[in-house]
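Everything on this sheet refers to the single structure shown next.
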Amino acid sequence: MISRLLFGVFTAASSAVAQTVTYQAESAALSGVTVGTSVAGYSGTGYVEGFDTATDTITFTINSTVAQLYDLQITYNGPYGDKYTNVVLNSAGGSRVSLPATTNWTTVPAGQGLLNVGSNSIQIQNNWGWYLIDAITLSPSAKRAPHQVTTTLVNKNANADAKALLSYLGSIYGKYILSGQQDRDSLDWVTTNVGKTPAILGLDLMDYTDSRTSRGASSTEIEKAIAFSKEGGIVTFVWHWGAPTGLYDTADHPWYSGFYTDATDFNIETALADTTNANYTLLMHDIDTIANQLKRLQNASVPIIFRPLHEAEGAWFWWGAKGPEPAKKLYNILYDRLINMHGLNNLVWEWNSVKAEWYPGNAVVDIVSADTYSQGDHGPISATYNNLLALTNDTKIIAAAEIGSVMEPAQLQAYQADWVYFCVWTGEYIYGGTWNSVDLLKSVYSSDYVLTLDEIQGWKSRNATARK
Ligand SMILES: *[C@@H]1O[C@H](CO)[C@@H](O)[C@H](O)[C@H]1NC(C)=O
Ligand SMILES: *[C@@H]1O[C@H](CO)[C@@H](O)[C@H](O)[C@H]1NC(C)=O
Ligand SMILES: *[C@@H]1O[C@H](CO)[C@@H](O)[C@H](O)[C@H]1NC(C)=O
Ligand SMILES: *[C@@H]1O[C@H](CO)[C@@H](O)[C@H](O)[C@H]1NC(C)=O
Ligand SMILES: *[C@@H]1O[C@H](CO)[C@@H](O)[C@H](O)[C@H]1NC(C)=O
Ligand SMILES: *[C@@H]1O[C@H](CO)[C@@H](O)[C@H](O)[C@H]1NC(C)=O
């Protein structure tokens, strides 16, 4: 679910200079709701109450003489407990906004929106209902301050290849976005049908560990990584880590979905509680197995953006099933073991959850990222970008590690959503036509803002042909 607002820029009708304006709810178009005055402290001549049906709305009409990005705030009262409202700009997209319980009039941020020149609408839709709306306020969004990100790797022993990779990402951050595609076959489909080759290839360490190879799985992802690196591309690896034991292996939950929480009774919390536990040993064995594969990349001079324990905060993978503490503990063990026991210095460490309580910390993370799927929505995913920015106080580069629908370059720039790369998921997501049309892919891939394989040649030596 995306939390982009599509409300656009307004200005006061008399002026082309954007300014902060408050719009009273009682003066807007009301449907299924009424004006109230009994709860004191509101602004204007009243507030709007009676949100109790799915179709209840307030619609604000906002004329704008310029196109500009605005911050939206909602002033409300919440005497009936924690609620959500839905905010929609110009009848498209929509964003769920939290309205925590309060017994006084309170103003909360409600996202950003790009107003079009001319008439725009902002609609507040019922969602959970049972709140009182006083007003909305639109303020021109501040131009983002220059980024403060570090391009020094957290691993003090990082090799020259890894250093070149993070340094290159830093050189383009905020200026361009690298195109990326998960899976070699899907990447080749892009080359054939879109006419450009993505700069980044996404691969998976999934089929190297024992609980899968013992059931017939095999992998050539390392060979694919080395080949794409020779083509001048950048490689990123995720790891759909099948639980080492405890797989249900039933028709509903087959062994090959053994990375899902609901496909195994493997318990990360008990496994990590005691280093003499047999299941702790199995986890270490899997890490060592993966280390041997990663060493082949190091030996071949291939640095990678490494994204283990991805989407932990979603809890749908076993490493996130017991909350943040065991997930962070496993991440730290993995980090320490790969670097200090196995001497792996070709990794750029990418974390992939947004919530602060899940974050393993700036000392063990080079890049932060999120995975976002919103079918047919080509917006900039700016609310998630802003959350990641806040997560590290803008000290780490930010990536869109998995997406379904590609982001429009013009919106990325308008919303200042400076994702360093995007990586579209495989199969139907890229070629099915519902998540992305070929025409849109062609327009995205031909944008000056979007870097493709041909445009990053020489990135490792930072020589003249690599755009930066
Ligand atoms: C917005 O502009 C249109 C003309 O472009 C005008 O008819 C309308 O009254 C304006 N609405 C507001 C709320 O200013
Ligand atoms: C606002 O509401 C909160 C909780 O509902 C309450 O604790 C607080 O005292 C109120 N503040 C004012 C200024 O009324
Ligand atoms: C290891 O995990 C399996 C699968 O969840 C479980 O059945 C077993 O009891 C665990 N072993 C220990 C020693 O905790
Ligand atoms: C390391 O790379 C060299 C070529 O650069 C190759 O001959 C050798 O087999 C590789 N070793 C391993 C362990 O992959
Ligand atoms: C965030 O970064 C800014 C700019 O570098 C700095 O002034 C501020 O103290 C930082 N805040 C935190 C919480 O680290
Ligand atoms: C620039 O990069 C290209 C492609 O990787 C390479 O062939 C060439 O030797 C590099 N030139 C310099 C001066 O490093």
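Being a predicted model, the structure only gives us computed values, none of them experimental.
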Between Thr53 and Asp56 (side chain of the first, backbone of the second, donor and acceptor by atom type, cut-off under 3.5 Å), is there such a pair? no
Parallel, tilted or perpendicular: which one describes the rings of Tyr23 and Phe60, with boundaries at 30° and 60°? perpendicular
Under 3.5 Å donor-acceptor, Lys328 side chain and Glu357 backbone: yes
Before you tell me yes or no, could you show the steps for Thr151 and Ser167 under side chain to side chain donor-acceptor pair (under 3.5 Å), namely the whole-Å CA-CA distance, both residues' side-chain angles and the distance that decides it to 0.1 Å? CA-CA 6 Å; Thr151 52; Ser167 164; 5.7 Å; no
Would you check if Thr392 and Val149 make a side-chain contact, meaning some heavy-atom pair closer than 4.5 Å? no
Does OH in Tyr260 sit with more than 12 non-hydrogen atoms of other residues, nucleotides or ligands closer than 6.0 Å? no
pair Leu389-His147: side-chain heavy atoms closer than 4.5 Å: yes
Is it the case that over 12 heavy atoms from other parts of the model lie below 6.0 angstrom from the CH2 atom of Trp130? no
Where do Tyr445 and Pro198 come nearest, in terms of heavy atoms and distance? OH-CG, 3.3 Å
Tell me if a side-chain donor or acceptor on Thr236 pairs with a main-chain N or O of Gly202 at a distance below 3.5 Å. no
Backbone N or O of Gly118 within a donor-acceptor pair of the Asn120 side chain at under 3.5 Å? yes
Applying ring-ring contact (aromatic ring centres under 6.0 Å, His included) between His240 and each of Phe317, Trp316, Trp318, report the one that passes. Phe317
Ser369 versus Arg307, closest heavy-atom pair with distance: OG-CD, 4.1 Å
Min side-chain heavy-atom separation Glu221-Arg184 under 4.5 Å: no
Should Ile172 and Trp459 be marked as a side chain to side chain contact (heavy atoms under 4.5 Å, CB included) after you check the CA-CA gap, both sets of side-chain angles, and the distance that decides it? CA-CA 11 Å; Ile172 64 148; Trp459 64 264; over 6 Å; no
Does any N or O in the side chain of Ser141 come within less than 3.5 Å of the main-chain N or O of Asp71, such that one atom is a donor and the other an acceptor? yes
How close do Ile305 and Ile234 get, counting heavy atoms only, and between which atoms? CD1-CG2, 4.1 Å
Would you say the ring centroid of Trp239 lies under 6.0 angstrom from that of His310? no
Would Asn127 and Thr85 count as having a side-chain donor-acceptor pair, cut-off 3.5 Å? no
Would you sort out whether Ile133 and Phe51 count as a side chain to side chain contact (heavy atoms under 4.5 Å, CB included), showing the intermediate values? CA-CA 9 Å; Ile133 302 293; Phe51 278 98; 4.0 Å; yes
Between Thr197 and Thr191: side-chain donor-acceptor atoms closer than 3.5 Å: yes
Report yes if some heavy atom in the side chain of Val33 is under 4.5 Å from a heavy atom in the side chain of Asn126; otherwise report no. no
Side chain to side chain contact (heavy atoms under 4.5 Å, CB included) between Val354 and Leu391, worked out: CA-CA 7 Å; Val354 180; Leu391 178 65; 5.7 Å; no
Taking only residues two or more places apart in sequence or in another chain, which ones pass ring pair (Phe, Tyr, Trp, His ring centres under 6.0 Å) with Tyr208? none
Any side-chain donor near an acceptor of the partner, Asp134 and Ser43, under 3.5 Å: yes
Check Arg144 with Asp394, please: is the shortest side-chain N to carboxylate O separation under 4.0 Å? no
Side chains of Tyr373 and Glu402 only: does a donor on one sit below 3.5 Å from an acceptor on the other? yes
I need the minimum non-hydrogen distance between Asp286 and Gly242, along with the two atoms involved. OD2-O, 4.1 Å
Any side-chain to backbone donor/acceptor pair from Trp319 onto Ala243? Under 3.5 Å, distance only. no
Any side-chain heavy-atom pair from Ile304 and Val235 closer than 4.5 angstrom? yes
Can you give me the closest heavy-atom contact between Tyr431 and Ser186, atom names plus distance? CE2-OG, 4.4 Å
Return the minimal non-hydrogen interatomic distance between Tyr76 and Pro100, and the atom names on each side. OH-O, 2.6 Å
Indicate yes or no: at least one non-hydrogen side-chain atom of Thr270 is less than 4.5 angstrom from one of Asn279. no
In the structure I gave you, are the side-chain heavy atoms of Val444 and Pro409 within less than 4.5 Å of one another anywhere? yes
Regarding Thr59 and Gln123, is there a side-chain donor-to-acceptor distance under 3.5 Å anywhere? yes
Can you name the one residue among Thr22, Thr106, Thr137, Thr107 that meets side-chain hydrogen bond (donor to acceptor under 3.5 Å, both in side chains) with Thr75? Thr107
Strictly by modelled atom types, are Asp454 and Thr452 linked by a side-chain donor-acceptor pair under 3.5 Å? yes
Side chain to side chain contact (heavy atoms under 4.5 Å, CB included) between Ser179 and Lys196, intermediate numbers included: CA-CA 10 Å; Ser179 56; Lys196 301 266 189 183; over 6 Å; no
Let's go through Ser38 and Tyr47 carefully: what are the C-alpha distance in whole Å and the side-chain angles of both, what is the deciding distance for side chain to side chain donor-acceptor pair (under 3.5 Å) to 0.1 Å, and is it a yes or a no? CA-CA 9 Å; Ser38 58; Tyr47 54 86; 3.3 Å; yes
Parallel, tilted or perpendicular: ring planes of Tyr173 versus Tyr385, cut at 30 and 60 degrees: tilted
Below 6.0 angstrom between ring centroids: does that apply to Trp349 and Phe306? yes
Sub-4.5 Å side-chain heavy-atom contact between Tyr335 and Val154: yes
Trp351-Tyr331 aromatic ring centre distance below 6.0 Å: yes
